[in-house]
Amino acid sequence: MAVGLGTGEGGIVIDRVEVNGAEADNEDLKVLARANYSHFSSMQVRDRAVRGLDLHLKRLDDSTRELFGTGLDTDRVRSCVRHALQASPDAVTVRVSVFSRRQDAVLRGEDVEPDVAVATSAPITARTSPVRLRTVEYEGDLPHVKHAGTFGLSLRRRQAVLAGYDDMLFTDRNGRISEASISNIGFFDASAALTVDPDVTDLLVNCYETNPWQTV
């Protein structure tokens with residue numbers, strides 16, 4: 001079934017959900033609602049192309065190996081995304097989530113073949129106005145994995161907004177900057193760009209300069 005949850009300005013609305021390349025039914029949605037052991041990657045799609053698609057696919061594969069003990073076939077992911085995009089406009093946000101219906105096997109420590117969910121929503125346009133950030137000491141579980149355990153993150157973002165800020169900026173216990181709530185952070189000194197992780201800087205610069213958009 002296609003799942004519509006209304007529309008609203010800003011675009012954070014799920015218009016469609018598919019699981020393993022097919023429209024999600026009620027049972028699929030029940031499983032997804034309970035799937036707190038999962039990871040994901042969100043991307044902006046324009047004319048069936050994604051900026052840095054290979055980086056998204058690598059992150060999904062690496063995280064699947066770490067959380068489920070098996071790799072994630074990139075051709076399978078691309079096929080699921082292409083299928084979901086058939087009913088979508090040219091500009092859309094896509095979120096690929098990797099989870100498992102076999103939670104009992106996961107908790108027993110078994111390697112499992114994961115399920116792939118693709119959700120589409122309205123596109124997001126990059127903000128160009130200044131952003132007020134509140135620094136917060138926070139270190140989540142497995143920060144290198146974009147996982148579904150976002151309670152602590154969401155709570156701190158809400159607290160920052162209630163205090164008059166747009167978002168927060170995470171620091172570790174030693175005061176080192178890590179990231180904002182749902183985005184990386186970088187700096188520009190009029191001559192060069194720099195992120196908190198030099199490897200990330202190299203990846204992003206290479207992505208933008210060599211192959212900015214890749215067809216799904």
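Every heavy atom of this structure was used, including side-chain atoms; hydrogens, water molecules and symmetry mates were not. All figures in this text were calculated on a predicted structure; none of them were measured in a lab.
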Show your working on side-chain contact (heavy atoms from CB on, under 4.5 Å) between Val216 and Val94 and close with a plain yes or no. CA-CA 11 Å; Val216 176; Val94 165; over 6 Å; no
Output, in order, the C-alpha distance, side-chain angles, deciding distance and verdict of side chain to side chain donor-acceptor pair (under 3.5 Å) for Arg59 and Ser41. CA-CA 8 Å; Arg59 175 164 65 187; Ser41 193; 2.7 Å; yes
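- Proximity of a side-chain donor or acceptor of Arg46 to a complementary backbone N or O of Trp213 within less than 3.5 Å is not detected.
- To the nearest 0.5 Å, the span separating NZ on Lys146 from CD1 on Ile182 amounts to 7.5 Å.
- In the hydrophobic clustering of this structure, Val77 groups with Val118; members are Ile, Leu, Val, Met, Phe, Trp, Tyr whose side-chain heavy atoms approach within less than 4.5 Å, directly or through other members.
- Looking at Ser38, its side chain never comes within 3.5 Å of a backbone N or O of Ala148 through a donor-acceptor pair.
- Judged by distance alone, with hydrogens and angles left aside, the side-chain atoms of Gln44 form a donor-acceptor pair with the main-chain N or O of Ile124 at under 3.5 Å.
- Residue-environment remark: CG (Asp104) exceeds the threshold of 12 foreign heavy atoms within 6.0 Å.
- Between Gly71 and Asp61, the shortest heavy-atom distance links the atoms CA-OD1, 3.4 Å.
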Any chance you could lay out the side-chain contact (heavy atoms from CB on, under 4.5 Å) test for Asp62 and Thr64, step after step, and finish with the verdict? CA-CA 5 Å; Asp62 289 347; Thr64 299; over 6 Å; no
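- No donor-acceptor distance shorter than 3.5 angstrom exists from the side chain of His83 to the backbone of Asn20, with no hydrogens or angles considered.
- Here the side chains of Leu67 and Phe99 are not in contact, with every heavy-atom distance at 4.5 Å or above.
- Proximity of a side-chain donor or acceptor of Asn174 to a complementary backbone N or O of Arg176 within less than 3.5 Å is not detected.
- In plain terms, the two heavy atoms of Asp115 and Ser100 that are nearest each other are OD2-CA, 3.6 Å.
- Going from atom CD of Gln103 over to atom CG of Leu107 covers 6.0 Å, rounded to the nearest 0.5 Å.
- Val136 and Ile185 sit in two unconnected hydrophobic clusters of ILVMFWY residues. Membership requires side-chain heavy atoms under 4.5 Å apart, directly or through other members.
- Here the side chains of Arg134 and Arg156 are not in contact, with every heavy-atom distance at 4.5 Å or above.
- Between the side chains of Ser181 and Asp167, at least one donor N or O sits under 3.5 Å from an acceptor N or O.
- Both Val81 and Leu53 belong to a common hydrophobic cluster when Ile, Leu, Val, Met, Phe, Trp and Tyr are linked at side-chain heavy-atom distances under 4.5 angstrom.
- Atom CZ of Arg82 and atom OG of Ser88 lie 14.0 Å apart (nearest 0.5 Å).
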I'd like to know whether Leu85 forms a side-chain contact (heavy atoms from CB on, under 4.5 Å) with Arg48, so could you lay out the CA-CA distance, the side-chain angles of the two residues, the decisive distance to 0.1 Å, and finally the verdict. CA-CA 7 Å; Leu85 290 176; Arg48 304 300 188 265; 3.7 Å; yes
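- Remark: the backbone N or O of Ala49 is not paired with any side-chain donor or acceptor of Asp47 at under 3.5 angstrom.
- Clustering ILVMFWY residues whenever any of their side-chain heavy atoms sit less than 4.5 angstrom apart, transitively, puts Tyr138 in a cluster other than the one holding Ile177.
- A salt bridge does not link Arg102 with Glu113: every distance from a Lys NZ or Arg NE/NH1/NH2 to an Asp or Glu carboxylate oxygen is 4.0 Å or more.
- Annotation: the span from His39 atom NE2 to His144 atom NE2 amounts to 11.0 Å, rounded to 0.5 Å.
- Using modelled atom types, no side-chain atom of Glu110 and backbone atom of Ala105 make a donor-acceptor pair closer than 3.5 Å.
- We find the NE2-CG distance between His147 and Leu153 to be 9.0 Å, quoted to the nearest 0.5 Å.
- Using a 30° and 60° split on the angle between ring planes, Tyr37 and Phe68 fall in the perpendicular class, above 60°.
- Tyr165 is not connected to Leu169 by any chain of hydrophobic side-chain contacts under 4.5 Å among Ile, Leu, Val, Met, Phe, Trp and Tyr, and they are in different clusters.
- Contact check for Leu72 versus Pro114: side-chain heavy atoms found under the 4.5 Å cut-off.
- The distance from atom CG of Leu32 to atom CD of Glu27, rounded to the nearest 0.5 Å, is 11.5 Å.
- Contact between Arg101 and Asp28 at its shortest, heavy atoms only, is NH2-OD1, 2.8 Å.
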Let's go through Met168 and Leu133 carefully: what are the C-alpha distance in whole Å and the side-chain angles of both, what is the deciding distance for side-chain contact (heavy atoms from CB on, under 4.5 Å) to 0.1 Å, and is it a yes or a no? CA-CA 5 Å; Met168 72 272 187; Leu133 300 176; over 6 Å; no
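- Closest heavy-atom contact between Ser121 and Val92: O-CG2, 2.9 Å.
- Taking every heavy atom of both residues into account, Met43 and Val50 meet most closely at CB-CG1, 3.7 Å.
- Contact detail for Glu23 and Arg16: the closest heavy-atom pair is OE2-NH2, 2.6 Å.
- A salt bridge does not link Lys58 with Asp54: every distance from a Lys NZ or Arg NE/NH1/NH2 to an Asp or Glu carboxylate oxygen is 4.0 Å or more.
- Ion pairing of Arg173 with Glu139 is present here, as a side-chain N (NZ or NE/NH1/NH2) and a carboxylate O approach within less than 4.0 Å.
- A salt bridge does not link Arg132 with Asp166: every distance from a Lys NZ or Arg NE/NH1/NH2 to an Asp or Glu carboxylate oxygen is 4.0 Å or more.
- The side-chain heavy atoms of Glu66 and Val145, taken from C-beta on, include a pair separated by under 4.5 Å.
- Of the possible donor and acceptor atoms, one in the side chain of Ser154 sits under 3.5 Å from a partner among the backbone N and O of Thr150.
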